[in-house]
Number of protein chains: 2
Amino acid sequence: METRQAEPSRNTILQAAYCEIHRKGFQAASIADILKDTGLTKGALYHHFPTKQALGLAVIEEVIGENLARLLFAPIRQSEKPFEALLYLIAHIDELAPPDFATLGCPLNNLMQEMSPLDPEFKSRLNGILRNWRDTVEWALLQGKGQGEVRPEVDCASAALFIVSAWEGCIGIAKNMQSVDSFRSCMMQLHDYVASLRISK
Amino acid sequence: METRQAEPSRNTILQAAYCEIHRKGFQAASIADILKDTGLTKGALYHHFPTKQALGLAVIEEVIGENLARLLFAPIRQSEKPFEALLYLIAHIDELAPPDFATLGCPLNNLMQEMSPLDPEFKSRLNGILRNWRDTVEWALLQGKGQGEVRPEVDCASAALFIVSAWEGCIGIAKNMQSVDSFRSCMMQLHDYVASLRISK
DNA sequence: ACTCATCCATACCGGTCGGTATATATTTGA
DNA sequence: TCAAATATATACCGACCGGTATGGATGAGT
């Protein structure tokens, strides 16, 4: 039996760190600012996390990874028609994703751009999530192919990587243009591309 | 007649700042590190640039903007067949772009992701370059349409935005996966998408 | 030759950062 | 009940950061 009194505090810090990092990036995120609205202090933080890097890695795995798994991967994996589920997600992502994605971008992509070249630990964790995403999309394409929906000559691995890349690209561009309409228009083009992989009849 | 003795120093600082910012991002770029290899000191820097922000904005306009104009916009604008020029650029960008783009990403996109939500000055300058890029691509598509190469029903504005978005997305993802093969594969998919806008005969 | 603006080096400042040392509640286990 | 482990607060530290104040060198105009 382990003590569980600490878990609420740990989660509070984790969530606050996630928000701060999402807003400012990891390096610009200040420990003091993270704690500011939590009612906790450095004593609590450094009890649960040995260093700022460890806190960042925990945010990646326990918040960002979990969120993406729940929002994107699970709906595809659990669908009976994964390819259709993928198309649905692309078409409706602006309603399904948290609203701050539009203004602050995708937390996964933000951290990848900032930290991957600087810290190998960050890089490997972030790449793990990215690989998971790409594999899920590839799996959806392969399932679609098996179900006779996707054209047999499609290179599912390459297409999956492109879909994820373009997806992140659309989020990033929309974040800068601060325009939901641009984002929707952009994702619509991606939707058309994915739909073009379907068998035309 | 104004004194021109200062121009070499200014350019040295500008170039060093560009490299440092490309490697670490703007906020993490340290003034001291920028000067370290230049043989100059803070006195020189703060003589030519009133603040770190002004230095960053100068890097954006005078280095990043110029580089992109020379590498991407000019070849399309000056081509007699802009649509073909666009396709060529997408297919050969890995040979034409500076090699550190693969490991460090696109400087424009890096700064957009980091700074646009934080600083409206950065945002407007970066968006200016982005708009220039999108307009150039859109112009290439429109020219292609006029020359009977692009299908008439294509929405050139939306397609151009998507092309730029996907382009940046491919660079970003490749930067994290640190794989030139992935980047090429990804850009190849984008190439296929753009080629699919062509009239099929 | 004198003046004055340009150009740049040096030394320094206040503030913030991540991290630590220590004391203190609180809970748990025997 | 009492000791030990857990959980958190507070005060503090050295490092680094962007920015400034000052003074000296250099060159142009008169």
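Just so it is clear, the structure is predicted and the values come from calculations on it, not from any experiment. Every chain is numbered from 1, with letters handed out A, B, ... down the list of sequences.
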Enquirer: Phosphate oxygens OP1/OP2 of dC8(C): is one of them under 4.0 Å from a side-chain N or O of His47(B)?
Expert: no
Enquirer: Does NZ or CZ of Lys52(B) lie under 6.0 Å from the centre of the six-membered ring of Phe26(B), at an angle within 45° of the ring axis?
Expert: yes
Enquirer: Find which nucleotide of DNA chain C each of Ala28(A) and Gly43(A) is nearest to by heavy atoms, and output the residue with the more 5' nucleotide.
Expert: Ala28(A)
Enquirer: Salt-bridge test for Arg125(A) and Glu121(A): reply yes if a basic N is under 4.0 Å from a carboxylate O, no otherwise.
Expert: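 Here Arg125(A) pairs with Glu121(A) in a salt bridge, since their nearest N and O are under 4.0 Å apart.
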Enquirer: For Glu7(B) and dT6(C), give me the distance from atom CD to atom C1', rounded to whole Å.
Expert: 15 Å
Enquirer: I'd like to know if Arg10(B) and Glu62(B) make a salt bridge, using a cut-off of under 4.0 Å between side-chain N and carboxylate O.
Expert: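 Yes.
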Enquirer: Is there a side-chain contact between Thr51(A) and the phosphate of dG18(C), meaning an N or O under 4.0 Å from OP1 or OP2?
Expert: no
Enquirer: Does Lys52(A) contact dG19(C) through a side-chain donor or acceptor facing the base, at a distance under 3.5 Å?
Expert: no
Enquirer: Whole Å only: how far is the CD1 atom of Ile34(B) from the C1' atom of dG19(D)?
Expert: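 Checked: the CD1 to C1' distance equals 14 Å.
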Enquirer: Counting only side-chain nitrogens and oxygens, does His48(B) get under 4.0 Å of the OP1 or OP2 atom of dC8(C)?
Expert: yes
Enquirer: Please report the distance, rounded to the nearest Å, between CG in Leu35(A) and C1' in dT10(D).
Expert: 13 Å
Enquirer: Can you measure Leu40(B) atom CG to dC8(C) atom C1' for me and round it to whole angstrom units?
Expert: 8 Å
Enquirer: Take atom OH of Tyr46(A) and atom P of dA7(D), then tell me their distance rounded to the nearest Å.
Expert: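 Going from Tyr46(A) (OH) to dA7(D) (P), I get 18 Å.
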Enquirer: Reckon Ser30(B) has a side-chain N or O less than 4.0 Å from the OP1 or OP2 of dC17(D)?
Expert: yes
Enquirer: Tell me: CD1 of Ile31(A) to P of dT10(D), nearest whole Å?
Expert: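 Those two atoms, CD1 and P, are 17 Å apart.
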Enquirer: To the nearest 0.5 Å, what is the distance between OH on Tyr88(B) and OG on Ser79(B)?
Expert: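 Result: 11.5 Å between the selected atoms.
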Enquirer: Which nucleotide wins on minimum distance to the side chain of Lys42(A), given the candidates dT20(C), dT10(C), dC17(D)?
Expert: dT20(C)
Enquirer: Under 6.0 Å between ring centres: does that hold for Tyr193(B) and Phe162(A)?
Expert: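 Between Tyr193(B) and Phe162(A), the centre distance exceeds or equals 6.0 Å.
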Enquirer: Rounded to whole Å, how long is the line connecting atom CZ of Phe26(B) with atom P of dG18(D)?
Expert: 8 Å
Enquirer: What is the distance, to the nearest angstrom, from the CG atom on Leu45(B) to the P atom on dG18(D)?
Expert: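 Atom CG in Leu45(B) sits about 10 Å away from atom P in dG18(D).
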